[in-house]
Amino acid sequence: MPEGPLVRKFHHLISPFVGQQVVKTGGSSKKLQPAGLQSLWLQDTQVHGKKLFLRFDPDEEMEAPGSSPPPEPPQKEAQKEGAADPKQAGEPSGQKTPDGSSQSAELNPQGEDESECLEGDAPAGDAGRWLRVSFGLFGSVWVNEFSRAKKANKRGDWRDPSPRLVLYFGGGGFLAFYNCQMSWSSSPVVTPACDILSEKFHRGQALEALGQAQPVCYTLLDQRYFSGLGNIIKNEVLYRAGIHPLSLGSALSAPRREALVDHVVEFSTAWLQGKFQGRPQHTQVYQKEQCPAGHQVMKEAFGPPGGFQRVTWWCPQCQPQLSEEPEQRQFS
């Protein structure tokens with residue numbers, strides 16, 4: 001699933017199209033009528049956690065209310081490298097999640113994302129000019145190029161993935177959205193205090209949330225406090241902090257919760273920098289059989305009762321379960 005750093009990369013690559021008119025549309029989306037976007041002007045793009053918002057207007061405007069400038073890469077060198085390869089903004093679609101579980105790309109995993117907005121065929125008035133894009137498990141954006149099949153499907157066909165939405169712009173370029181959920185919404189609510197990649201990220205609010213009497217692996221995926229944080233970040237920061245995923249937040253000392261928040265910010269920022277610089281992401285326990293210390297890594301799905309279960313990787317030796325923590329079966 002695209003997490004905060006990758007969605008910010010999408011934002012960076014889409015931003016050059018702001019101020020251009022949509023001259024042609026395409027795509028297989030049934031819930032969103034692509035033709036309804038034709039002749040509209042892309043006036044703004046914003047990213048909030050793991051969601052992307054695109055503002056369209058019927059008339060050309062040089063400066064739309066609430067518009068935001070294109071995001072700057074974390075380093076100057078990153079801007080040059082990020083702009084050098086604008087074609088692929090994400091991984092192509094697949095049939096399974098990175099953790100091996102099957103899931104329809106139309107579905108929005110519960111437990112990580114906020115409630116869905118009402119969907120419609122076309123924007124209705126000023127309140128409906130924002131197109132919200134949720135990337136689900138396999139979503140991606142391609143710029144000036146289409147995704148191509150890397151292997152044959154179950155039927156043996158080398159059929160290229162079908163984009164949900166394609167936007168051709170007057171400047172000559174185009175955007176192709178794959179495996180995304182798209183809906184018209186009102187203006188996005190800016191909540192930088194919970195965005196793990198925002199300078200205004202509220203550490204105090206995050207620390208208070210981590211102090212709840214529930215497994216920390218649940219709290220980390222709560223977008224109300226850790227917007228943009230997904231399963232990869234969850235697994236990696238818990239390992240780096242030496243905390244068992246089912247540790248009750250209320251059982252952790254204040255310094256350990258502080259260290260966990262530090263790892264969240266540091267790992268997410270480093271991942272974002274790597275995206276702009278074209279460096280591959282290296283994980284220590286996510287989808288690994290052994291941790292860096294050579295210990296066997298455990299794998300099991302955890303999630304709140306009745307909620308979305310996410311596959312979790314952890315090292316029992318590097319992340320020991322404390323005696324006061326609950327047994328795994330009570331929360332699995």
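Hydrogens, waters and symmetry mates play no part in the numbers below; they use all other heavy atoms, side chains included.
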Please give me the minimum heavy-atom distance between [X] and [Y], naming the atom from each residue.
| X | Y | value |
| --- | --- | --- |
| Ala176 | Pro163 | CB-CB, 4.4 Å |
| Pro316 | Met298 | CG-CG, 3.2 Å |
| Arg55 | Trp130 | CD-CZ2, 3.4 Å |
| Leu229 | Ile233 | CG-CG2, 3.7 Å |
| Gln205 | Arg224 | NE2-O, 3.7 Å |
| Asn144 | Gly173 | OD1-CA, 3.0 Å |

**Report entry** From Phe177, Tyr178, Trp142, Phe135, residue fulfilling ring pair (Phe, Tyr, Trp, His ring centres under 6.0 Å) relative to Phe10
**Finding:** Phe135
Requested in this report: Report the C-alpha separation of Thr283 and Val285 in whole Å, then their side-chain angles, then the decisive distance to 0.1 Å, and conclude whether the side-chain contact (heavy atoms from CB on, under 4.5 Å) test is met.
Outcome: CA-CA 6 Å; Thr283 58; Val285 292; over 6 Å; no
Closer than 3.5 angstrom, by distance alone: can the side chain of [X] be matched with the main-chain N or O of [Y] as a donor-acceptor pair?
| X | Y | answer |
| --- | --- | --- |
| Arg164 | Ser29 | no |
| Glu236 | Gln284 | yes |
| Gln290 | Lys288 | no |
| Glu3 | Ile232 | yes |
| Gln277 | Gly274 | no |
| Gln309 | Pro304 | yes |
| Asp57 | Arg129 | no |
| Tyr218 | Gly303 | yes |
| Gln20 | Gly171 | yes |

Query raised in the report: Parallel, tilted or perpendicular: which fits the ring planes of Phe226 and Phe201, with parallel below 30° and perpendicular above 60°?
Result: tilted
Query - Trp184 and Phe56 aromatic ring geometry - parallel, tilted or perpendicular at 30°/60° bounds - result: perpendicular
**Report entry** Counterpart residues, ring-ring contact (aromatic ring centres under 6.0 Å, His included), relative to Phe53 (two or more places apart)
**Finding:** His48
Requested in this report: Not counting sequence neighbours, which residues clear ring-ring contact (aromatic ring centres under 6.0 Å, His included) with Tyr168? List them please.
Outcome: Phe174
Query raised in the report: Rounded to the nearest 0.5 Å, how far apart are CG of Leu260 and CZ of Arg240?
Result: 12.0 Å
Query raised in the report: Hey, is Lys50 close enough to Asp195 for a salt bridge, meaning N to O under 4.0 Å?
Result: no
Query raised in the report: How about Gln321 and Ser247: does a side-chain donor come under 3.5 Å of a side-chain acceptor?
Result: no
Query raised in the report: Cut-off 3.5 Å, side chains only: do Lys234 and Thr312 have a donor facing an acceptor?
Result: yes
Query raised in the report: Would one find more than 12 heavy atoms of other residues, nucleotides or ligands at under 6.0 Å from atom CD of Glu208?
Result: no
Requested in this report: Please check if atom CD in Gln296 has more than 12 non-hydrogen atoms from other residues, nucleotides or ligands closer than 6.0 Å.
Outcome: no
Please identify each residue that fulfils side-chain contact (heavy atoms from CB on, under 4.5 Å) with [X], with sequence neighbours left out.
| X | result |
| --- | --- |
| Val18 | Leu42, Thr45 |
| His295 | Cys291, Ala293, Cys315, Gln317, Cys318 |
| Ala259 | none |
| Gln21 | Ser39, Trp41 |

Only counting residues at least two apart or in another chain, list the ones meeting side-chain hydrogen bond (donor to acceptor under 3.5 Å, both in side chains) with [X].
| X | answer |
| --- | --- |
| Ser198 | none |
| Ser268 | none |
| Gln319 | none |

Requested in this report: Dump the intermediate steps for side-chain contact (heavy atoms from CB on, under 4.5 Å) on Ile196 and Val265, then the final yes or no.
Outcome: CA-CA 6 Å; Ile196 59 175; Val265 175; 5.7 Å; no
Query raised in the report: Got a sec, which residues hit salt bridge (charged side-chain N to carboxylate O under 4.0 Å, His left out) with Arg203, two or more places apart in sequence or on another chain?
Result: Glu258, Asp262
Requested in this report: State which residues pass salt bridge (charged side-chain N to carboxylate O under 4.0 Å, His left out) with Arg257; sequence neighbours excluded, sorted by chain then number.
Outcome: none
Query raised in the report: Taking only residues at least two apart or on different chains, which pairs with a member in residues 165-174 satisfy salt bridge (charged side-chain N to carboxylate O under 4.0 Å, His left out)?
Result: none
Requested in this report: Go through the steps to decide whether Gln212 and Thr219 satisfy the test side-chain contact (heavy atoms from CB on, under 4.5 Å), and finish with yes or no.
Outcome: CA-CA 8 Å; Gln212 299 178 77; Thr219 306; 3.9 Å; yes
Query raised in the report: Given Val133 and Met182, is the side-chain contact (heavy atoms from CB on, under 4.5 Å) satisfied, shown in steps?
Result: CA-CA 5 Å; Val133 183; Met182 292 167 286; 4.0 Å; yes
Report summary line: side chain to side chain contact (heavy atoms under 4.5 Å, CB included) test vs Leu210 passes for just one of Asp222, Leu252, Leu220, Ile243, namely Leu220
